[in-house]
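See structure below.
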Amino acid sequence: MLEDKSQELTPISKLGEFGLIKHLTENFPIVQNSTRLSIGDDAAIIDSEGQKVVVSTDMLAEGVHFNLGYVPLKHLGYKSVVVNLSDIAAMNATPTQILVSVAVSNRFPVEALEEIYAGIALACNRYKVDLIGGDTTSSNAGLVISVTAIGLENEDKIVKRNGAKPNDLLVVTGDLGGAYLGLQILEREHSVYLANPNMQPEMEGYDYILERQLKPEARTDVKAKLAQLDVLPTSMIDVSDGLASEILHLSDQSKVGFNVYEEKIPMDETTIHTADELNLNPAMAALNGGEDYELLFTIASSDFDKIKNHPDFTIIGHATENNAGNFLIARGSNQLIPLTAQGWDAFLNKE
């Protein structure tokens, strides 16, 4: 859990709840002009200055969303922020503040929480957001981290899930499937370790997909890139639960169908090679794996020329009439495979 086992660890009871909060948060600087009052009072104050406030929250629970057998606490803190900022980016808004609440058992010393908050601090610095509040409490069921993210944007620039129209182009950022394959490698090596603690993990060559799983990044850069291209998406969502699941969400909210071309789904070479090694279909990893935190969005077909050659964006399909359904067009053929949501579901899946 902690890299340095030799130091004397501090029980949380020594600081108490309020002392712990002060200890963990006193070195977080304020960088956003909209943050008028931060940690230390009964509530924070945010000045929206005429913009709309966008709010999202996500919870990460030990044994459901992460396994501390192979997830470093610092990475966990960083990721807990990123997954929430990704939701703000998916609204085409700019993240500005976060609140962090942690439920923790007495098996965690203060130093473990320091590691988590060091990761949170790295994310705050990387994305220029302010930590403005939260809570800590005890837990009898392992570690739970809940983050609420706040963002700001003018109403006419906010993008929802319900704006896609037939013939709109379906676009995704980055590449997909890497986080799922990174998880498979971590699970494999963890199982080997449990069977024989003297075995060294075989991680060489998997750096990219391991980082995609352990330290993902939120695509907060996409908003500016689209603005430079003079493109405003008609609908948007982040890819947290798998490409297929997110397409079905857009379909449901926008009342359209989608055709997606398997050969167009962007994947990194390491993802493809690792899938082959594990005897997995890389396209299925992209469609159903989740945790890539890329952005999936639709644009008007008239914007095709603006986006077609951009290295960060890949057109993978198009919207159809609502009654046409949602289909994957198989690689090298015209076979239509119905899209089904087989991605992450916290009530069905466990790490």
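For the single chain, residues carry numbers from 1 onward in sequence order.
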Step-by-step side chain to side chain contact (heavy atoms under 4.5 Å, CB included) determination, Thr96 to Ile88: CA-CA 9 Å; Thr96 50; Ile88 303 300; over 6 Å; no
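When only modelled atom types and interatomic distance are considered, Ser105 and Ser139 share no side-chain donor-acceptor pair under 3.5 Å. No hydrogens or angles considered: a donor-acceptor pair under 3.5 Å links the side chains of Tyr70 and Glu187. Looking only at atom types and distance, the side chain of Tyr293 has no donor-acceptor partner in the side chain of Asp87 under 3.5 Å away. Side-chain polar atoms of Asn84 and Ser56 form no donor-acceptor pair below 3.5 angstrom. Under 3.5 Å, the side chains of Ser146 and Ser101 contain no donor-acceptor pair of N or O atoms. Judged purely by distance below 3.5 Å, without hydrogens or angles, the side chains of Thr35 and Gln97 pair a donor atom with an acceptor atom.
The minimum heavy-atom distance between Thr340 and Ala244, with the atom names listed, is O-CB, 3.5 Å.
Under the rule for a ring pair (Phe, Tyr, Trp, His ring centres under 6.0 Å), His273 has no partner lying at least two apart in sequence or in another chain. Not counting sequence neighbours, the partners of Asp47 by the side-chain contact (heavy atoms from CB on, under 4.5 Å) test are Arg36, Glu49. With sequence neighbours left out, the salt bridge (Lys or Arg N to Asp or Glu O under 4.0 Å) criterion links Glu62 to Arg107. Residues forming a side-chain contact (heavy atoms from CB on, under 4.5 Å) with Val159 (at least two apart in sequence, or on another chain): Asn92, Leu232, Pro233, Met236. Shown here are the side-chain hydrogen bond (donor to acceptor under 3.5 Å, both in side chains) partners of Glu277, two or more places apart in sequence or in another chain: Arg188, Tyr206. When the side-chain contact (heavy atoms from CB on, under 4.5 Å) test is applied to Ser138, no partner is found at least two apart in sequence or on another chain. Thr173 pairs by the side-chain hydrogen bond (donor to acceptor under 3.5 Å, both in side chains) definition with Glu294, not counting sequence neighbours. Applying the side-chain hydrogen bond (donor to acceptor under 3.5 Å, both in side chains) test to Tyr127 and every residue at least two apart in sequence or in another chain returns Glu217. The salt bridge (Lys or Arg N to Asp or Glu O under 4.0 Å) check on Glu204 picks up nothing, with sequence neighbours excluded. A search for salt bridge (Lys or Arg N to Asp or Glu O under 4.0 Å) contacts involving Asp58 returns nothing, not counting sequence neighbours.
Under a 3.5 Å cut-off, the side chain of Thr298 and the backbone N or O of Leu169 do not form any donor-acceptor pair. Side-chain N or O atoms of His190 include none that pairs as donor or acceptor with a backbone N or O of Leu186 at under 3.5 Å. For the pair Ser80 (side chain) and Gly77 (backbone), a donor-acceptor distance under 3.5 Å is present. No donor-acceptor distance shorter than 3.5 angstrom exists from the side chain of Ser235 to the backbone of Gly163, with no hydrogens or angles considered. Side chain of Thr271 to main chain of Met267: no donor-acceptor pair is present (N/O by atom type, distance under 3.5 Å, no hydrogens or angles). Side chain of Asp130 to main chain of Ile132: no donor-acceptor pair is present (N/O by atom type, distance under 3.5 Å, no hydrogens or angles). The backbone N or O of Ala179 sits less than 3.5 Å from a side-chain atom of Gln213, completing a donor-acceptor pair. When atom types are taken as modelled, the side chain of Asn288 and the backbone of Ala285 share no donor-acceptor pair closer than 3.5 angstrom.
Note on Arg212 versus Glu291: no salt bridge recorded, every NZ/NE/NH1/NH2 to OD/OE distance being 4.0 Å or above. Salt-bridge formation is detected for the pair Lys306/Asp303: a Lys NZ or Arg NE/NH1/NH2 atom is positioned less than 4.0 Å from an Asp or Glu carboxylate oxygen.
Atom CG in Leu339 sits 12.0 Å away from atom CD in Glu246 (nearest 0.5 Å). To the nearest 0.5 Å, atoms CD (Glu262) and CD1 (Ile329) are separated by 10.5 Å. Between Ile116 atom CD1 and Ile145 atom CD1 the span is 4.5 Å, to the nearest 0.5 Å. Rounding to the nearest 0.5 angstrom, the gap separating the NZ atom in Lys79 from the CG atom in Leu60 is 7.5 Å. Between the OG1 atom of Thr94 and the CD atom of Gln32 there is a distance of 8.5 Å, given to the nearest 0.5 Å. Between the CZ atom in Phe66 and the CG atom in Leu76 there is a gap of 4.5 Å [rounded to 0.5 Å].
Listed by first and then second residue, the side-chain hydrogen bond (donor to acceptor under 3.5 Å, both in side chains) pairs involving residues 153-162 are Glu153-Lys223 (not counting sequence neighbours).
Environment of CG in Asn196: crowded, with over 12 heavy atoms of neighbouring residues, nucleotides or ligands closer than 6.0 Å. More than 12 heavy-atom neighbours from other residues, nucleotides or ligands sit within 6.0 angstrom of CZ on Phe297.
Ile98 has its side chain out of reach of Thr148: every pair of non-hydrogen atoms, C-beta onward, lies at least 4.5 Å apart. Counting heavy atoms from C-beta outward, Leu99 and Val147 have side chains that stay 4.5 Å or more apart.
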When the side chains of residues 308-323 are checked against the rest of the protein, which donor-acceptor pairs come out under 3.5 Å, sequence neighbours left out?
{"unit_1": "Lys308", "atom_1": "NZ", "unit_2": "Asp305", "atom_2": "OD1", "d": "3.4"}
{"unit_1": "His310", "atom_1": "ND1", "unit_2": "Asp312", "atom_2": "N", "d": "3.1"}
{"unit_1": "Asp312", "atom_1": "OD2", "unit_2": "Lys225", "atom_2": "NZ", "d": "2.4"}
{"unit_1": "Thr320", "atom_1": "OG1", "unit_2": "Gly257", "atom_2": "O", "d": "3.4"}

